[in-house]
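These numbers come from the heavy atoms of this one structure, side chains and all, not from hydrogens, waters or symmetry mates. Proteins get letters first, then strands, A, B, ... in listed order; numbering begins at 1 in each.
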Amino acid sequence: MKFASSYEPGEYESDIYGAWEASGIFSPKITSLPIDNDGDGADDREDSRGTYSIVLPPPNANGNLHIGHGLTVALEDSLIRYYRLRGDSSWYIPGADHAGFETWVVYERELEKKGHTRFEFNRDELYSRVWNFVAEQRGNMELQLRALGASCSWEDLTFTLDENVIDRVYTTFEKMWNDGLIYRGEKLVNYCPKHRTAFADIEVEHEDEKGTLWDIAYQYEGGEIIVSTTRPETLFGDAAVAVNPNDKRYKKIIGKMVKLPLTDREIPIIADEHADPEYGTGAVKITPAHDFDDFEVGERHSLERIQVIAEDGKMVNVPDEYYGLTTTECRKKVLKDLKSQNLLRGEKTIEHAVAHCYKCGTTIEPMLKEQWFVDVEKLAKDAIQALKEDKIKFYPESKKQILINYYENLKDWNISRQIPWGIAIPMFRKIDDRATDEPDWIFDRRTNLREIEKAGVKYIRDEDTFDTWFSSSHWPIVCTNWTEENLNPYYPLNVMETGADILFAWVARMIMMGLYVTGEVPFREVYLHGLVLDAHGKKMSKSKGNVINPIDLVTKYGSDAFRLGILRGRSAGLNQAFSENSVISGRNLCNKLWNISRLIQSLVDKADEESESYSTLNMGEDWICREINDCLDAVEKDMKEYRFSEAIETLYQTIWDKYADWFLESQKLYQNTSLLKETLKTLLVALHPFAPFVTEAIWQNLDWTEGFIANAKWPKKLKYDPISAENFENIRIIVSEVRTTLAGLGSGKNAKKYGLLYDNDSLVADNSLLIKLLTKVPTINTLEGAPRGLRLALANRELYLDVPAKVVEDYKEALTEKILAVGRELDALNMRMMNPNYIDKAPAALVKETRDAIKEKEALIARLKTQLEII
RNA sequence: GGGGUUUUAGCUCAGCUGGCUAGAGCGCACGAUUCACAUUCGUGAGGUCACAGGUUCAAGCCCUGUAAACCCCACCA
């Protein structure tokens with residue numbers, strides 16, 4: 001016997017994965033390139049697609065997978081495996097992300113642990129150090145993906161720093177540069193003084209915090225104006241005081257020069273809509289170099305941008321006594337000095353949003369820097385158009401409009417990062433001042449060089465690297481090897497499956513980049529999953545200690561159990577709780593299926609006949625064929641609509657409740673082995689996308705299966721007799737009623753005592769063995785003489801449990817309750833029929849259904865009442 | 001400040017185009033049993049579907065409003 005009495009995933013999983021990988025079934029070769037006879041760019045073959053492609057959102061190369069990756073793989077691999085079974089050439093393309101900033105933070109921490117800082121090394125040294133660090137870490141993540149069952153084509157693994165990726169990124173950058181979509185600008189950027197790098201808006205986290213709003217007097221001849229600020233230390237960078245042009249209080253003094261406190265400088269009072277008369281004193285100091293709003297006010301009024309906070313977070317361009325202080329120290333001193341000069345006129349506590357570095361929590365300092373920007377206007381416009389034309393379908397649907405709103409308000413994209421770990425920006429700055437005719441910046445791919453010479457002019461490479469999202473927005477393009485010359489059947493991807501949290505950062509940018517580079521959307525559908533929360537619906541975090549490691553669950557319960565568990569009860573776009581219970585339930589299903597197979601294999605072993613083709617021989621067999629077909633229909637529909645949870649639910653019910661508890665039980669009377677084989681194979685294949693390992697382990701253990709189930713064909717519908725199938729439903733109803741009634745009589749042991757009597761019922765007579773088996777009643781006989789015992793609550797059958805009069809007496813109360821309950825149902829139905837509008841307006845079929853139901857209930861009540869009278 | 005999502009059994013969630021006598025898993029209660037499986041089998045309890053109106057023959061589902069929770073976006077000094 002090959003089947004142990006329970007399924008032990010640990011004994012099979014790694015061997016199975018190894019066998020799959022070695023067989024090459026995960027690596028689709030593009031066997032036939034498109035055939036384009038008429039030159040319209042479209043593939044002329046009838047079945048022009050036949051391909052199914054998904055890229056794995058590349059996990060960070062520097063660490064372990066977390067629960068979100070577990071969900072990602074469960075979703076994506078189910079799709080990939082399903083379409084592979086359906087006969088498509090499925091391509092699951094794995095990747096790894098150098099994760100510029102993320103990895104950099106991890107590495108810098110390592111450096112600090114060893115007592116070093118980044119400033120001891122130059123950019124190139126740092127780059128190669130991180131490269132080695134990542135190379136050490138990367139294998140982990142890839143092994144974990146295998147443990148989750150991801151049927152990736154490993155030979156196609158793409159790393160975000162692979163040469164072809166960098167190449168493609170440079171090509172795009174060059175095209176954008178030539179199209180005028182790239183510009184260098186001095187703008188305020190989000191700057192983290194700890195990490196010393198700029199961020200995109202999206203990488204900044206805003207939090208409401210308590211702060212203080214101070215009132216400070218700025219004096220002029222014959223008067224003063226009180227400004228309100230939360231950042232007194234930046235006053236050294238003030239270029240003006242703004243008031244609202246409609247603010248009557250200040251109208252007369254617009255244009256006056258005021259003396260900037262603690263300095264000798266004078267700044268003007270200007271009129272600008274930005275000043276809100278309702279807020280504070282209605283007058284606001286303008287610091288263009290250190291505040292996003294003020295920057296814009298400064299632009300409108302051509303104000304000087306005075307930088308007073310340096311990149312290390314310390315004060316510069318300020319009077320000596322403040323120079324070199326941190327912003328916090330400086331704030332204290334400024335307040336103290338203002339107070340001593342009697343210029344501090346008030347303070348109050350307010351609540352305001354403060355920007356933080358999403359990694360270290362340090363307050364973001366708006367900083368004036370020269371950076372590379374992408375002009376997003378046209379890119380966003382094209383993306384919006386594509387979305388409005390429904391070129392991409394979203395799951396959940398609501399995300400589409402959210403994305404359109406995002407595009408509509410998108411600001412230019414800062415793509416410069418001041419960290420060494422990343423793709424070097426291929427721009428070189430002229431250092432030869434005499435070459436006045438030459439442009440200041442030129443594009444060149446030779447980023448391995450620090451200096452280059454062109455036409456006798458020397459240029460030095462920009463030290464900055466690209467924002468990670470600039471390269472990863474090319475992911476569908478680079479992973480499928482799309483090129484200008486190659487009509488690639490795998491591009492666009494069928495679906496982009498990823499976390500809803502990176503809709504803006506990643507999905508939005510892939511769409512813009514896909515359209516810009518290829519002229520086509522990069523994927524036809526987007527499925528977004530939500531966060532996996534802990535069992536109580538709280539976010540998982542290290543500090544809360546509620547983090548669940550997917551690999552721990554895989555080790556404990558098996559990969560399939562994890563996949564089934566995490567998909568259960570989950571729908572698109574929602575942040576939903578997850579608990580070990582659902583994994584346990586998945587583990588139980590695997591074991592159930594294992595034992596079902598064990599039973600069937602043992603039955604097949606015992607059988608002598610060897611029939612290749614199956615046919616149904618009794619009602620139970622017809623019934624299970626019908627149920628399995630319904631299940632296949634449901635699963636197919638669910639997969640098309642990404643309803644993973646429902647597909648699994650249906651499979652679970654079909655395998656456990658229908659196949660095992662009814663059909664296999666009924667097969668214990670005698671066995672139709674060819675049908676057993678066929679139905680088991682069908683169910684195994686249908687479950688395979690979700691539970692790849694156990695289905696493969698079983699497949700390999702069965703004597704009558706070939707090849708890998710991972711590479712099998714999706715089952716065809718089974719043939720059966722529908723009338724016979726429906727008859728089995730009646731058996732089920734009878735059996736259920738017997739069981740319920742027996743349970744209502746008290747002890748389950750009664751089943752051993754009481755026989756079943758029938759009057760003129762050929763269905764029961766013909767299937768008495770089966771009914772005995774399923775109900776455990778000892779005898780089934782025809783009723784002789786007057787009715788006796790307990791009549792079953794079935795409308796159209798004369799069935800009695802042969803119980804003594806005293807027991808019937810005890811059952812009286814239950815019977816009365818039953819009559820009342822049916823009566824209530826009957827009343828509800830009658831109410832419906834009494835409404836003439838119902839008969840007029842409801843569909844005829846429904847009205848008939850109601851009429852039939854009424855007849856049935858009436859009959860049932862009549863029978864039960866007779867029974868009551870007999871008692 | 002703007003937007004979105006959620007609210008159904010003790011817990012986690014289904015319920016797709018309105019037809020529902022509202023389902024599942026886990027948990028709970030009662031019972032069974034060693035011959036595929038205790039990771040088992042059978043039975044059951046438990047819900048005015050957040051609240052208030054409305055549309056409809058018919059509302060968990062559609063509309064309006066209210067409340068709560070969560071999330072995203074946003075420069076408010």
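Within 4.0 Å of A:Asn581, counting heavy atoms only, lie sugar-phosphate atoms of the nucleic acid but no base atom. Note on A:Ala353: only backbone sugar-phosphate atoms sit closer than 4.0 angstrom, heavy atoms only; bases stay farther off. Within the nucleic acid shown, A:Thr740 comes within 4.0 Å of sugar-phosphate atoms alone, with no base atom in reach, counting heavy atoms only. Counting non-hydrogen atoms under 4.0 angstrom, A:Arg587 reaches a base of the nucleic acid. A:Ala500 comes within contact range of no nucleotide atom at all, as no heavy-atom separation falls under 4.0 Å. At the heavy-atom level, A:Lys411 lies under 4.0 Å from the strands shown only through sugar-phosphate atoms. Looking at heavy-atom distances under 4.0 Å, A:Lys668 makes contact with a base. If you check every strand for non-hydrogen atoms under 4.0 Å, A:Ala842 touches a base. Counting any heavy atom pair closer than 4.0 Å across all strands shown, A:Phe578 reaches no nucleic acid atom. A:Gln576 comes within 4.0 angstrom of the backbone, heavy atoms only, and of no base. Across all strands, A:Asn835 comes closer than 4.0 Å only to sugar-phosphate atoms, never to a base (heavy-atom distances). A:Thr230 comes within contact range of the sugar-phosphate backbone alone, with a heavy-atom separation under 4.0 Å but no base atom that close. As judged by a 4.0 angstrom heavy-atom cut-off over every strand, A:Gln653 is placed among residues touching the sugar-phosphate backbone only. A:Gly565 comes within 4.0 angstrom of nothing in the nucleic acid, heavy atoms only.
Of the candidate nucleotides B:rU39, B:rC37, B:rG25, B:rC37 has the atom nearest to the side chain of A:Arg598. For A:Arg643, taking side-chain heavy atoms from C-beta onward, the closest of the listed nucleotides B:rA77, B:rA36, B:rG15 is B:rG15. Distance from the side chain of A:Ile402 is smallest for B:rG4 among the nucleotides B:rG4, B:rC73, B:rU40. In the set B:rC70, B:rA14, B:rA77, the nucleotide with an atom closest to the side chain of A:Glu646 is B:rA14.
The base-pairing partner of B:rU6, taking Watson-Crick or G-U wobble contacts with both distances under 3.5 Å, is B:rA68. The nucleotide B:rA59 finds no pairing partner, because no Watson-Crick or G-U wobble arrangement with both distances shorter than 3.5 Å includes it. Base pairing of B:rC28: its partner is B:rG44, meeting the Watson-Crick or G-U wobble criterion (both donor-acceptor distances under 3.5 Å). If you check B:rC37 for Watson-Crick or wobble pairing at under 3.5 angstrom, you find it has no partner at all. Using N1 to N3 plus N6-O4 or O6-N4 for Watson-Crick, or N1-O2 and O6-N3 for G-U wobble, each under 3.5 Å, B:rG18 pairs with nothing. Remark: B:rG1 base-pairs with B:rC73. Criterion, Watson-Crick or G-U wobble with two distances under 3.5 Å.
A salt bridge links A:Arg231 to A:Glu233: at least one charged side-chain nitrogen sits closer than 4.0 Å to a carboxylate oxygen. In summary, A:Asp633 and A:Lys637 do not engage in a salt bridge, as defined by a charged side-chain N under 4.0 Å from a carboxylate O.
Under 4.0 angstrom from either OP1 or OP2 of B:rA36 there lies no side-chain N or O belonging to A:Gln671. The side chain of A:His274 contributes no N or O atom lying less than 4.0 Å from OP1 or OP2 of B:rC75. OP1 and OP2 of B:rC16 both lie 4.0 Å or more from every side-chain N or O belonging to A:Lys640. Neither OP1 nor OP2 of B:rC76 sits under 4.0 Å from any side-chain N or O of A:Tyr279. Contact check, A:Asn837 against B:rU56: no side-chain N or O comes under 4.0 Å of OP1 or OP2. Taking only side-chain nitrogens and oxygens, A:Lys592 comes nearer than 4.0 Å to OP1 or OP2 of B:rC41. One finds no side-chain N or O of A:Trp656 lying less than 4.0 angstrom from the OP1 or OP2 phosphate oxygen of B:rC37. Remark: A:Ser571 is in phosphate contact with B:rA14, judged by side-chain N or O atoms under 4.0 Å from OP1 or OP2.
Contact of A:Gln667 with B:rA36 (side chain to base): no donor-acceptor pair of N or O atoms is detected under 3.5 Å. One cannot find a donor-acceptor pair under 3.5 Å joining the base of B:rC57 and the side-chain atoms of A:Arg832.
Look at the C1' atom in both B:rU66 and B:rU7: the space between them is 14 Å, to the nearest Å. As rounded to the nearest Å, B:rC41 and B:rC26 have P atoms that lie 10 Å from one another. The separation of B:rU55 from B:rU12, taken at their C1' atoms, amounts to 34 Å, rounded to a whole angstrom. Here, B:rA14 and B:rU56 have their P atoms 31 Å apart, quoted to the whole Å. For the C1' atom pair drawn from B:rA22 and B:rA59, the interatomic distance equals 12 Å after rounding to whole Å.
A:Leu774 has its side chain within reach of A:Trp662: a pair of non-hydrogen atoms, C-beta onward, lies under 4.5 Å apart. The shortest distance between side-chain heavy atoms of A:Leu235 and A:Tyr218 falls below 4.5 Å.
Side-chain N/O atoms of A:Asp201 and A:Asn190 include a donor and acceptor closer than 3.5 Å.
Taking the six-membered ring for Trp and thresholds of 30 and 60 degrees, A:Tyr7 and A:Trp594 have ring planes inclined between 30 and 60 degrees apart.
Judged by distance alone, with hydrogens and angles left aside, the side-chain atoms of A:Arg570 form a donor-acceptor pair with the main-chain N or O of A:Gln576 at under 3.5 Å.
Taking the ring centroids of A:Phe644 and A:Tyr527, they lie under the 6.0 Å cut-off.
Rounded to whole Å, the distance from NZ on A:Lys399 to C1' on B:rC72 is 8 Å. Between the CD1 atom of A:Ile733 and the C1' atom of B:rU21 there is a distance of 15 Å, rounded to whole Å.
Heavy-atom nearest nucleotides on RNA chain B were determined for A:His206 and for A:Ser645, and the one closer to the 5' end corresponds to A:Ser645. For the pair A:Val204 and A:Ile596, both in contact range of RNA chain B, the more 5′-proximal nearest nucleotide belongs to A:Ile596.
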